[in-house]
**Student:** 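Here you go, one structure.
Given the structure is predicted, the values throughout are model-derived calculations rather than measurements.
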Protein chains: 2
Amino acid sequence: MAHRPRSEMIAETRAKLLAAARQAFGTVGYADASMDDFTAAAGLTRGALYHHFGDKKGLLQAVIAEIDAEMNERLCTISGRAPNRWQGFVDESVAYIEMALEPEIQRIMLRDGPAVLGDPAQWPNANACISSMTRSLARLKADGAVADIDPEAAARLISGASLYAAQWIANSDDPEATSKKAVAAFKAMLEGFLVR
Amino acid sequence: MAHRPRSEMIAETRAKLLAAARQAFGTVGYADASMDDFTAAAGLTRGALYHHFGDKKGLLQAVIAEIDAEMNERLCTISGRAPNRWQGFVDESVAYIEMALEPEIQRIMLRDGPAVLGDPAQWPNANACISSMTRSLARLKADGAVADIDPEAAARLISGASLYAAQWIANSDDPEATSKKAVAAFKAMLEGFLVR
DNA sequence: ATAATTGCATACGGATCGTATGTCAATTAA
DNA sequence: TTAATTGACATACGATCCGTATGCAATTAT
């Protein structure tokens, strides 16, 4: 019980750095987050950061991977408890809009992430959401519920629409009312994918 | 004819700065564009920049306003030469995807712009595209072509979907094939807004 | 003709990032 | 048990970049 604490300490500092960075990125944004500041807030220095994550971009990637895993898990449980596949898919998509309302997700995943790391589709770890949505659509297509369209194409259209809808809602004067309008339009739009 | 050259020179330096910045922002991106570098490339210094645009963000705003005006004009002419309103709207939306394929638009308008200046809907000058799309949808709704949904909500969903579709296409191995899949799915999606 | 304004350049300070180096504790080897 | 080595993290340094403050020269106004 003397050689465990060592590796635990390491994991702990890594976790502390990740949490501090996530907090900073999520509030002031990537560009204005000073590595000196938030490492000091975690009781560490930039030395630890460069040791664990390589550089500032590497740190952002790690933060994104963490958030993406959380998002994916939430979406899976939501779509899992629906009565049928299509309803599960609609629920999942609407939930995606609602998640995109969270400031941290908006800032890190939807704004700074793409700006700093490029197209989200190319991210190594952070396409769990898209790929799970693609699989859902492929199943629905096999079931004969949705029309003959490319599942991945539809998944990307939907996630893009969700993102913009979420930004619109988040910045509106009356988020409640705006959210209702957006979700209504969104559901109508989804029905475009159904067989007629 | 001695007091014209003066104001012409001023407008010319402003234009040169704008063009140089647009070039730099569009290629290396906002964060990695050094003001010293691209002002020097224009035969000027940062002094001129701060005089005309206040700061780096102000310069980005000016570049965005310019690009947005061009985009809006292109979209208007496209939708204008369609046989009917709905077709014009579809053409315009597809054209939006195609414009989002251009690297400069993708980088400046769709990635760095939102990351640096925040929600595009709040931009002072650069919502011409959204608002024109909203007007189109409102007319279509009045004509009885589209269902009872909020025009602005639909416009935002569509532009978001276009953006993501464009990024997907631009980064794919086979842009031609991907584009076909995306546009097909996109047209199906748009039909979700029609009355049934 | 002199004074005031303005377009633009130069000079400076502050902040930040990445690297290179150092140190100390913990693990491993002898 | 002790010596050597690895590795986690801190410190020191240089380079870059932004924003402001200042300076100059040319034009316009008086």
**Student:** Please give, in whole Å, the distance from dG18(C) C1' to F53(A) CZ?
**Tutor:** 17 Å
**Student:** Are more than 12 heavy atoms from other residues, nucleotides or ligands located less than 6.0 Å from atom CD of E73(A)?
**Tutor:** no
**Student:** Could I get the full list of side-chain hydrogen bond (donor to acceptor under 3.5 Å, both in side chains) partners for D37(B), not counting sequence neighbours?
**Tutor:** none
**Student:** Checking the side chain of N171(B) only, and the main-chain atoms of Q167(B) only, is there a donor and an acceptor separated by less than 3.5 Å?
**Tutor:** yes
**Student:** Give the rounded distance in Å between these two atoms: NZ of K16(B) and C1' of dC8(C).
**Tutor:** 12 Å
**Student:** For T13(A), which residues count as a side-chain hydrogen bond (donor to acceptor under 3.5 Å, both in side chains) partner, sequence neighbours excluded?
**Tutor:** none
**Student:** Could I get the full list of side-chain hydrogen bond (donor to acceptor under 3.5 Å, both in side chains) partners for S132(A), not counting sequence neighbours?
**Tutor:** E92(A)
**Student:** Apply side-chain contact (heavy atoms from CB on, under 4.5 Å) to F89(B) and list each qualifying residue two or more places apart in sequence or on a separate chain.
**Tutor:** W86(B), S93(B), M133(B), S136(B), L137(B), L140(B), I158(B), L190(B)
**Student:** Report, one pair per line, the protein and nucleotides 9-15 of chain D atoms (nitrogen or oxygen only) whose separation is under 3.5 Å.
**Tutor:**
from	atom 1	to	atom 2	distance (Å)
dC9(D)	OP1	T13(A)	OG1	2.9
dC9(D)	OP2	T13(A)	OG1	3.2
dC9(D)	OP2	H52(A)	NE2	2.4
dA10(D)	OP2	T45(A)	N	3.1
dA10(D)	OP2	T45(A)	OG1	2.7
dA10(D)	O5'	T45(A)	OG1	3.3

**Student:** Under a plain distance cut-off of 3.5 Å, with no hydrogens placed, do W168(A) and E152(B) share a side-chain donor-acceptor pair?
**Tutor:** yes
**Student:** I'd like to know if R196(A) pairs up with E191(B) as an ion pair, taking the criterion as any Lys NZ or Arg NE/NH1/NH2 lying under 4.0 Å from an Asp or Glu carboxylate oxygen.
**Tutor:** yes
**Student:** Please state how far atom CG in L59(B) lies from atom P in dC17(D), giving the value in whole angstrom units.
**Tutor:** 16 Å
**Student:** Using atom NZ of K57(B) as one end and atom C1' of dT20(D) as the other, report the distance to the nearest whole Å.
**Tutor:** 17 Å
**Student:** Under 4.0 Å from any atom of DNA chain D, heavy atoms only: list the residues of residues 27-40 of chain A that qualify, in numerical order.
**Tutor:** none
